[in-house]
K.L.:
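There's a structure below that I have some questions on.
Just so it is clear: chains get the letters A, B, ... in the order the sequence lines come, proteins before strands, and each one is counted from 1. Keep in mind the model is a prediction, meaning the values are calculated, not measured. Both backbone and side-chain heavy atoms feed into the values below; hydrogens, waters and symmetry mates do not.
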Amino acid sequence: MEEQKQERYEDSHLYRIRHSAAHIMAQAVLEMFPDGKVTIGPPVENGFYYDFDLPRNLTPEDLEQIEKRMRQIIAGKFGFEKKVVSADEARKIFKDQPYKIELIDGLEKGGFDEYGNPLKEKPEISIYQQDTFTDLCRGPHVQNTKEIKPDAFKLMNVAGAYWRGDEHNKMLQRIYGTAWESKKDLENYLWQLEEAKKRDHRKLGKELEIFTFDEEVGPGLPLWLPNGGVMIEELEKLAKEMEEKAGYLRVRTPHLTKEDLFIRSGHLPYYAESMYPPMELEGVKYYVKPMNCPMHHKIFASKGRSYRDLPIRLAEYGTCYRYEKSGELFGLMRVRSLQMNDAHIYVSEDQFEQEFLSVVDLYLKYFKLFGIEKYVMRLSLHSKAGLGKKYVDNERLWLKTEEMVRNAMKNGNVPYVEAEDEAAFYGPKIDVQIWSVIGKEFSLATNQVDFAVPARFDLKFTNKEGVDEIPLCIHRAPLSTHERMIGFLIEHYAGNFPVWLSPEHVRVIPITDAQNEYAIQIVQQLRDQGIRVSADISAQRMNAKIRSAQLMKVPYMLVVGENEMKAGQVSLRVRDGSQQNNIALGDFIARAKDRIAKRSPEL
RNA sequence: GCCGACGUAGCUCAAUCGGCAGAGCACCCGCCUUGUAAGCGGGCGGUUAUGGGUUCGAUUCCCAUCGUCGGCUCCA
C-alpha cells in the first residue's frame, strides 16, 4: 500500500536532524549542569526529547538559555563521529553516567535496547561524538551540526517522565523540542498546533454548551448540558436502530452490585485500583460498577440456554464509574463516569468468527457514517510475562483465541496491526486507535474476546449432543462511550456537526419585531415535524442574531422579514454561509427532514 | 498517582515594585425597527479557587488543600 512507497521515518533526513538536535541539546544541558546525568533522547513524531536527571528543576528561562547555547553549538559546524566500542570501553567513557552504564549492561547482555525493549540479537555498541559531547547511541545522525537550521527548531516544554517508562523508577526531567528542515516548516507546525487548539473538544464543548465540569461535583464527572443531552439521545437512537437490526436485545442493570459479583468475575484483583472504594451496609460491601459484563453474564445465566438460542446479544448503554488517577483525566476523553455503548455477545466457538466480523462490520458502518478515516485497528495480545499477573493464566486459550481473532480479521480482509501485552485480562481484543486533536492517542471502539469469565460464572448452553458447553463472550463497544465519542466527534467535526447530530437544527431569525409572530409560527410548524428549532426574538439586530447562530454552528438559519412573511416563505442561510431566498417553508422542511432522516453529511 | 506550570466576574482577559480589583462579551432595563457574522445608552455582576501565614497593608510573598493544564504512568 502507500506506506511501502514512503520512506520510513527512521530512514529520513528529518529523523537524523531531530536525533542530532537531541544530542546537541544534551550537550547544552550538561554544560549548564556538569553533574547532570543523561539518559536517552530519541526522535519522536514532530520532534525529539531528551531525559535528564538534574540537581534542580528546569525553568522556562533555562530552556531559553539552552536553546541559545544549542544555536552556538550548531554554528560551530561540528561533525558527528561514530565509533564502535566494546562494552568495557563504553563503561570507561560513561563512568560518571549511571544510566548509561545501565544501558550498556543491557546492550551487552543482549537483552534490551536503549528504550528497554527486548532485543533478539546482541547489538553492537556505538558512540557518537559532536564537539565535546559523547553519547551512547546507535544513530543515525546528520554529518555535521550545520545541517540543523538554527531557526528551524524550538524547545517546547519540560515534563516529568519515569526512567524507562516505569512508574517505580525515578522521575526524570524531559525536555521536548521540535525540529524541522526549514524555518517555514517549523512555522507551519506551530501554526497547526494553534489551529488544533481551536478545535480542542474542551474549548469547543464549552463554547457550544455541550458539557461542563464543576469543581463541587468532582473531577472527571461531566455535566451534560442540554445540547450535549440532545447529542446523547441521537447517538443512542442510532445505536438502538443498528443493534436492533443486528439482533441485539436491550437489557438494563443496576449501578451497584455486591462485592461477591466482582470477586466471582475476577475483576477485583485486576481492577480494584480503578474502582471506587466499596460502601458497606449491614456488613455487605457494594461496589459501583466499572463495567457491565458481570451483570450481563447473570442475565445469560438466568435461564437455560440452547445452542439454538446463540448468539445471544445483550446490549445496554450502561453508566459505569472508574476511578481514573487524577493525572489521567482529560476533558471528555478520559472521565470517571461514563456511558458505554456496551454489549456482550455469547457465542459457540464455531459461531465466533462470523459474529466477531459482524461486530467489526458494525464499527465500519459507524465510521463510514461519521466519515472517520484516520484510525488504526490494533489486535491487542497477551504477553508471556504477564500470564498470571495482568492476564488469566491459560496460555493455551490465549494462543487459541488470538489465532481465532487473527483469522477472523484476515478472512474479513480487515487491515490491523498487532500489539503484544495490550490485551484485556480475559482475552485478546481489537482496539480502534484514534488521536485527539492535540495528538493524544485513545482507544475509541473496542471488540474483545473473553474466554475466561463465562466459565467463572458457570455460563453454559446445551449443544446438539445434549452436552453442556461454555460459550465464548464478545465484549464490544463500537460507539465507545458517550463521553469519548462526543469528545472525539466535537474535534472530528470541529463542532460543525451533521444536521442530525446538531443540538439545534434550525434558528429562525426575524428581521424586525413585526415578524416575531411569524417566526414563532414557523417554530411551531417545524417542531411538529420533529425538527429542533428556536426563534431568536431578542432585541438584537438581524446581523447580531445571525452571528450568534453562526457561532453556535447551527446548520440552518431561516431569516424572515416582511417579504417572507407576506409570501409565507423563508430566506435560508446555511451554516457554510450560502444563502437561498424565497423558499417555500414546505420545501425547506422537506430538505431538513431528508437530511436528518438519512443522517446525511450534507447540509 | 508522579514531575512541572497555572487558578481574577458566567466567558475571554487586564491590574507597574506589596498600596482603593478593571475591560470586552454574556445577562437585565431602555432606545433603535433593521435584509445575511457584533446598532446605541444604562445597569447588575468579585470574600481575586479554598484555608492558613508574613506584613501597617496581600490578586501580588510563603505553606497546605482543591481544581485545571503540559507530560509520565494507566486507559473505553
Side-chain angles (χ1 to χ4, degrees), chain A residues 49 51 57-60 156-176 197 200 202-203 206-207 209 212-220 271 273-274 290-291 320 322-335 338-342 380 422 424 429 431-434 438-448 475-485 487-488 509-516 538-551 557-564 571-575 577-581:
Chain A
Y49 68 79
D51 287 348
N57 287 323
L58 292 165
T59 65
M156 304 298 280
N157 52 4
V158 190
Y162 300 108
W163 168 235
R164 294 197 140 167
D166 185 334
E167 61 180 323
H168 305 292
N169 288 344
K170 180 159 185 181
M171 180 149 284
L172 308 166
Q173 294 190 70
R174 172 173 297 180
I175 305 177
Y176 278 98
K197 277 186 198 160
D200 189 316
R202 292 167 296 182
K203 178 177 156 70
K206 187 186 276 182
E207 288 169 2
E209 296 179 16
T212 188
F213 287 95
D214 187 287
E215 268 196 41
E216 245 176 314
V217 174
Y271 217 85
E273 287 279 289
S274 303
M291 67 275 300
C320 298
R322 298 181 177 180
Y323 195 82
E324 304 292 353
K325 293 182 197 164
S326 56
E328 290 162 351
L329 300 172
F330 177 74
L332 280 183
M333 302 292 219
R334 195 73 185 276
V335 290
L338 46 123
Q339 275 181 276
M340 256 196 283
N341 171 228
D342 211 2
S380 299
E422 296 286 345
K429 56 179 178 170
D431 287 321
V432 179
Q433 305 298 115
I434 50 104
I438 62 164
K440 261 183 202 283
E441 188 195 87
F442 290 95
S443 293
L444 193 68
T446 188
N447 190 10
Q448 317 178 341
H475 305 234
R476 43 111 277 180
L479 288 178
S480 190
T481 63
H482 283 321
E483 289 72 18
R484 193 168 283 183
M485 192 69 197
F488 173 78
I509 298 174
I511 293 175
T512 74
D513 296 353
Q515 292 88 44
N516 283 357
S538 66
Q540 296 293 326
R541 277 159 196 257
M542 177 203 64
N543 277 313
K545 292 178 184 177
I546 287 173
R547 181 167 189 272
S548 54
Q550 283 287 162
L551 288 175
M557 282 153 267
L558 297 182
V559 179
V560 291
E562 208 184 331
N563 301 336
E564 285 80 5
S571 167
L572 169 66
R573 181 190 163 102
V574 183
R575 183 174 60 200
S578 66
Q579 190 182 331
Q580 277 174 271
N581 296 328

K.L.:
Summarise how protein sits on nucleotides 2-7 of chain B as a single string, 5' to 3': B when a protein heavy atom is under 4.0 Å from the base, S for sugar-phosphate-only contact, - for no contact.
P.N.:
BBS---
K.L.:
Taking only residues two or more places apart in sequence or in another chain, which ones pass ring pair (Phe, Tyr, Trp, His ring centres under 6.0 Å) with A/Tyr323?
P.N.:
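Expected list: A/Tyr276.
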K.L.:
For A/Asp51, check side-chain hydrogen bond (donor to acceptor under 3.5 Å, both in side chains) against everything at least two apart and list the hits.
P.N.:
A/Arg174
K.L.:
A/His475: which residues meet the ring pair (Phe, Tyr, Trp, His ring centres under 6.0 Å) condition with it, sequence neighbours left out?
P.N.:
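A/His344, A/Tyr426.
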K.L.:
By side-chain contact (heavy atoms from CB on, under 4.5 Å), which residues pair with A/Asp513, not counting sequence neighbours?
P.N.:
A/Asn516
K.L.:
Of all residues at least two apart in sequence or in a different chain, which pass the side-chain contact (heavy atoms from CB on, under 4.5 Å) check with A/Lys325?
P.N.:
A/Glu167, A/Glu328
K.L.:
Can you run through RNA chain B from 5' to 3' and write each base as (, ), [, ], | or . depending on how it pairs? Watson-Crick or G-U wobble, both distances under 3.5 Å.
P.N.:
(((((((..((((.....[..)))).(((((.......))))).....(((((..]....))))))))))))....
K.L.:
Under the ring pair (Phe, Tyr, Trp, His ring centres under 6.0 Å) test, which residues partner A/Phe330, sequence neighbours left out?
P.N.:
A/His201, A/Phe442
K.L.:
I'd like to check the side-chain hydrogen bond (donor to acceptor under 3.5 Å, both in side chains) partners of A/Thr512; sequence neighbours left out, ordered by chain and number.
P.N.:
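Testing A/Thr512 for side-chain hydrogen bond (donor to acceptor under 3.5 Å, both in side chains), a comparison that skips the adjacent residues, returns A/Gln515.
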K.L.:
Does A/Glu273 have any side-chain contact (heavy atoms from CB on, under 4.5 Å) partners at least two apart in sequence or in another chain, and if so, which?
P.N.:
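None.
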K.L.:
Sequence neighbours excluded, which residues qualify as side-chain contact (heavy atoms from CB on, under 4.5 Å) partners of A/Leu329?
P.N.:
A/Pro219, A/Glu324, A/Arg336
K.L.:
Give the B/S/- string for nucleotides 39-48 of chain B, one per nucleotide from 5' to 3', where a protein heavy atom under 4.0 Å of the base yields B, of only the sugar-phosphate yields S, and otherwise -.
P.N.:
B---------
